[in-house]
Amino acid sequence: MFADCGAPLEAARGGKVQYAGFHSAAGYYVVVDGKKTGRDYVYMHLKNKADVTEGDRVRTGEQIGEVGESGNAS
C-alpha cells in the first residue's frame with residue numbers, strides 16, 4: 001500500500017512482534033505474528049525505527065511506526 005511519508009502506520013492485525021530492525025533492502029521494518037491466523041504481517045520501509053520492539057504485543061489498529069521510504073524503496 002502507498003501512503004504519505006510520516007503517516008501513522010497501524011497494525012492490520014494484533015499479535016506478537018517477532019522482529020523489529022533494519023535491512024538494507026527493506027529499510028526499517030517490523031514482523032508481527034498474526035495471532036492464531038497462521039500468517040505473519042510485515043511492514044517495510046518505515047520512516048524511522050519502529051515504535052515497538054521484539055516481544056511486544058500489539059493490538060489491531062495500534063500505531064507501530066510511521067510510513068517512510070527507508071531501504072530500497074521508490
Side-chain angles (χ1 to χ4, degrees):
M1 286 192 206
F2 293 92
D4 291 333
C5 283
L9 178 62
E10 299 175 354
R13 182 81 182 205
K16 185 176 180 181
V17 176
Q18 292 181 334
Y19 181 82
F22 184 86
H23 184 276
S24 60
Y28 292 105
Y29 76 104
V30 175
V31 179
V32 177
D33 176 1
K35 198 175 176 182
K36 300 182 184 177
T37 65
R39 297 182 181 184
D40 293 336
Y41 296 84
V42 181
Y43 306 88
M44 296 181 184
H45 309 294
L46 277 64
K47 185 175 181 181
N48 299 302
K49 187 176 174 184
D51 295 341
V52 295
T53 58
E54 292 174 28
D56 286 352
R57 295 245 178 227
V58 297
R59 294 182 178 186
T60 302
E62 181 179 339
Q63 184 171 340
I64 56 176
E66 293 180 338
V67 175
E69 53 187 11
S70 60
N72 187 11
S74 59

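Keep in mind that this is a model prediction, so the values were computed, not measured.
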| query | Are Met44 and Tyr41 co-members of a hydrophobic cluster defined by side-chain heavy atoms under 4.5 Å apart? | reply |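 Unlinked, Tyr41 and Met44 end up in two clusters.
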
| request: Start with the C-alpha gap between Val67 and Asp4, add the side-chain angles, then the distance that decides, and say whether side chain to side chain contact (heavy atoms under 4.5 Å, CB included) holds. | output: CA-CA 7 Å; Val67 175; Asp4 291 333; over 6 Å; no

| said: Val32 vs Lys16, test: side chain to side chain contact (heavy atoms under 4.5 Å, CB included). Steps then yes/no. | reply: CA-CA 6 Å; Val32 177; Lys16 185 176 180 181; over 6 Å; no

Provide the closest heavy-atom pair for [X] versus [Y] in the form atom of the first, atom of the second, distance.
X     : Y     : answer
Ile64 : Leu46 : O-CD2, 4.2 Å
Tyr43 : Glu10 : CE2-O, 4.0 Å
Gln63 : Asp51 : NE2-OD2, 3.7 Å
Ala50 : Ala20 : CB-CB, 4.5 Å

| query | What is the distance from atom CZ of Arg13 to atom NZ of Lys36, rounded to the nearest 0.5 Å? | reply |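 If we round to the nearest 0.5 Å, Arg13:CZ and Lys36:NZ are 10.5 Å apart.
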
Heavy-atom side-chain contact between [X] and [Y] under 4.5 Å:
X     : Y     : value
His45 : Tyr28 : no
Glu66 : Leu9  : no
Val52 : Val30 : yes

| said: I'd like to know whether CD of Glu69 has more than 12 heavy-atom contacts from other residues, nucleotides or ligands below 6.0 angstrom. | reply: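 No, because the 6.0 Å sphere around CD of Glu69 holds 12 heavy atoms or fewer from other groups.
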
| Parallel, tilted or perpendicular: ring planes of Tyr29 versus His23, cut at 30 and 60 degrees |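 Tyr29 and His23: perpendicular rings.
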
